There are 2 protein chains.
Amino acid sequence: MNNKPTIHDIAKALNINSSTVSRALNDSPRVTLKTKEKILKKAEELGYKRNVLASSLRKNVTNTLGVIVPRISRHFFSSAIQGIEETAYLAGYNVIICQSLEQLEREQSIVNGLVEKRVDGVLISISMETLNYQHLEIVKNSNIPLVFFDRHCNEAGNSNVLIDDFKGGFDATEHLILQGNKNIVHFSGPNELEIYKNRLAGYKAALKKHNIAFNPENVIVTRLMEDDGFKSMQTILNLKQKIDAVFSANDMAAIGAIKCIKQSNLKIPDDIAIVGFSNEPISTVIEPSLTTIDQSGLEIGKTAAALILSYIENKQIPEKGENIVLKANLIERNSSKRN
Amino acid sequence: MNNKPTIHDIAKALNINSSTVSRALNDSPRVTLKTKEKILKKAEELGYKRNVLASSLRKNVTNTLGVIVPRISRHFFSSAIQGIEETAYLAGYNVIICQSLEQLEREQSIVNGLVEKRVDGVLISISMETLNYQHLEIVKNSNIPLVFFDRHCNEAGNSNVLIDDFKGGFDATEHLILQGNKNIVHFSGPNELEIYKNRLAGYKAALKKHNIAFNPENVIVTRLMEDDGFKSMQTILNLKQKIDAVFSANDMAAIGAIKCIKQSNLKIPDDIAIVGFSNEPISTVIEPSLTTIDQSGLEIGKTAAALILSYIENKQIPEKGENIVLKANLIERNSSKRN
DNA sequence: CTGTTAGCGCTTTCAG
DNA sequence: CTGAAAGCGCTAACAG
């Protein structure tokens, strides 16, 4: 039991050559059905398990995808991972999951590890500390397909699967404006991340369309953790100037904000309206009337996996890269209008 | 860039032997500091990335853990995975995540794949369809350490990291009894899973302690999805006989039950009390006064990973297996008592 | 249809 | 301290 049988053991037992065994196990058409059966039976009998390591080394293919996310337990990412795993599994691929914990240094070391493991493709949602893509060069240089998802990359030559953040930001803001809100604060994230840049741009565009002057002080930049949302909301409530509404660029911060509001015994959306870019089911449970811009982690995961698998199977990475933009839909759970 | 440099390329460029290069890259003490530096520099220069595949094949060690869970996006499991990844990462291990989707067949095929990939250890939370452990024999026969977590295994010779389900079930039920509830329904899961068996046993024990007769009709067995909880609660509400309280063996079903109750305009816990075995933050958000038996996915994941890593590093799997039992604490968020 | 042979890239004896 | 050589288990030419 200890020393696992190899194809040589099977070959020896059957007095044939190991390459025939290899062919039989790979269901090559160049082996008689008879010998094939004989071999399969003997393999079963010996408790043979093929050594994928050796096979991978030889074939230069691992049937493994590397996935890097900031944090596995965030609902959006775990849904995305679920989607990735599902499509990968159907295609016969495994996924190695790694989390950067929002740290660039960890991300770098992970990327190196994945390249060393010779994964066939890398799917990444970059950390908040990732300001450039230098550490990802090694992936491309190794001819390993790379696909960004959600937290994507604006540099040319890369492929992304993303949410239409601009439109999402625009829709969220316009929705708030149409509800009669004028003074709308935007909770934004690190400006280096495209998603936050674009959501902010959408926010600005909506203001402009409705002839509302953009006030830079109405943009609060944090890391958008729940705590950040809570604190930002506290700040707002202490302002002399009245704020009508908040568009939060993510769900965690929205949750924090909602909790803060509820604690102050104010009403949503009567006293202050909120729209969150959301995938966290909590946010709508905590405030059933919450309007959200919904993004499906599962869908984005499946799409990203399908994309990278196509690159791998075709042995070709598009030089110019390509973007797949998924829609994020505004879901209105309360239609009460202001004045 | 296409053909990756190997240690031989480095060796050739430096006019030394590849074994010296190998030693240098592995920081062996049997190489001069000078040559070491020379080699490291050249490696950097050539953009050398070690081929872990080849190394693994030779050393018979992959530094990879296989993890099998029913579904990645369930909050408890994604937390557990996060914990596993964190401890694994610190020890220099990667994790391959697979989901059985509660299907035995998939679980079987996954297990085979992981053995073929020569993972150094397997962590598993079995599917609801898993009635015996035959398909896991191959793991043990391959001398690969195996640790069950949460949904564990009662067969001798296995190692488990688990929640004290009996005590959890007992505490939940006793809590409900002490609140004045007499007629308590228990939502249970497939009886083949130890966790549900034990939670049910705890429920029975608490009834017995307080001299309440056990009524088999008060145990509703489903797969404990949200939908199941909803439907079970509907059934209960339609009963002639009045039910005071429900102890749900998992969080999803509790959420369904709560939604059903709210829809009926009844109050929790005044009209009907609920305690859920829970890790899903939603359940307490949806019903802030909900009492739960809290289990930490993160902690269980970390513990399980640490355990299996110790087996791997010591190259020894305890023959008798061992159980690490973590406590699940009853968290009471509302102390209102019934008459 | 089957066998022979070489080698994927690395580590690890064994010599020196 | 360094080199030579063998081999982990498999696959893929190339012969036959």
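Small disclaimer: the values here were computed from a predicted structure and weren't measured. First the proteins, then the strands, lettered A, B, ... as listed; each starts at 1.
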Separation of [N] [atom2] from [X] [atom1] (nearest whole Å):
X	N	atom1	atom2	result
B:Ile39	D:dT2	CD1	C1'	10 Å
B:Asn60	D:dG9	CG	P	7 Å
A:Asn26	D:dA12	CG	P	8 Å
A:Lys49	D:dC10	NZ	P	13 Å
A:Arg50	D:dT11	CZ	C1'	11 Å
A:Arg58	D:dG7	CZ	P	18 Å
A:Leu25	D:dC10	CG	P	8 Å
B:Leu57	D:dG7	CG	P	14 Å

Is the phosphate of [N] approached by [X] (side-chain N or O, under 4.0 Å from OP1 or OP2)?
X	N	answer
B:Arg23	D:dG3	no
A:Ser18	D:dC10	no
B:Ser19	D:dG3	no
A:Ser22	D:dT11	yes
A:Asn51	D:dC8	no
B:Thr35	D:dT2	yes

Looking across every strand, which nucleic acid part, if any, lies under 4.0 Å from [X] by heavy atom: base, sugar-phosphate, or nothing?
X	result
A:Pro5	nothing
B:Ile16	sugar-phosphate
A:Thr32	sugar-phosphate

note = Comparing nearest nucleotides in DNA chain D, the 5'-proximal residue of the pair A:Ile7, A:Arg30 is A:Ile7
inquiry  = Assuming nearest nucleotide by heavy-atom distance, tell me which of B:Ala54 and B:Leu33 is located more 5' along DNA chain D.
reply    = B:Leu33
note = Contacts of A:Asn15 and B:Thr6 projected onto DNA chain C by closest heavy atom; the upstream (5') one is A:Asn15
Does the side chain of [X] pick up a donor-acceptor pair with the side chain of [Y] at under 3.5 Å?
X	Y	value
A:Asn26	A:Ser28	no
A:Thr130	A:Ser127	yes
A:Thr87	A:Tyr93	no
A:Thr62	A:Lys117	no
B:Asn143	B:Lys315	no

ask   = Got a sec, which residues hit side-chain contact (heavy atoms from CB on, under 4.5 Å) with B:Gln103, two or more places apart in sequence or on another chain?
value = B:Leu101, B:Arg106, B:Glu129
ask   = Hey, are B:Glu45 and B:Lys42 close enough for a salt bridge, meaning a charged N less than 4.0 Å from a carboxylate O?
value = yes
request  = For the pair A:Arg71 and B:Glu86, find out whether any cationic side-chain nitrogen is under 4.0 Å from an anionic carboxylate oxygen.
outcome  = no
request  = Estimate the overall bend of the helix from C:dC1-D:dG16 to C:dG16-D:dC1 from the end axes over five pairs each, rounded to 10 degrees.
outcome  = 30°
query = From the 5' end of DNA chain C to its 3' end, which nucleotides mark the outer limits of contact with chain B, defined by a 4.0 Å heavy-atom distance cut-off (strictly under)?
reply = C:dG9 to C:dC14
query = Under 6.0 Å between the ring centres of B:Tyr133 and B:Phe148?
reply = yes
task = May I have the step-by-step check of side chain to side chain contact (heavy atoms under 4.5 Å, CB included) for B:Leu307 and B:Phe149, ending in yes or no?
result = CA-CA 11 Å; B:Leu307 183 62; B:Phe149 67 99; over 6 Å; no
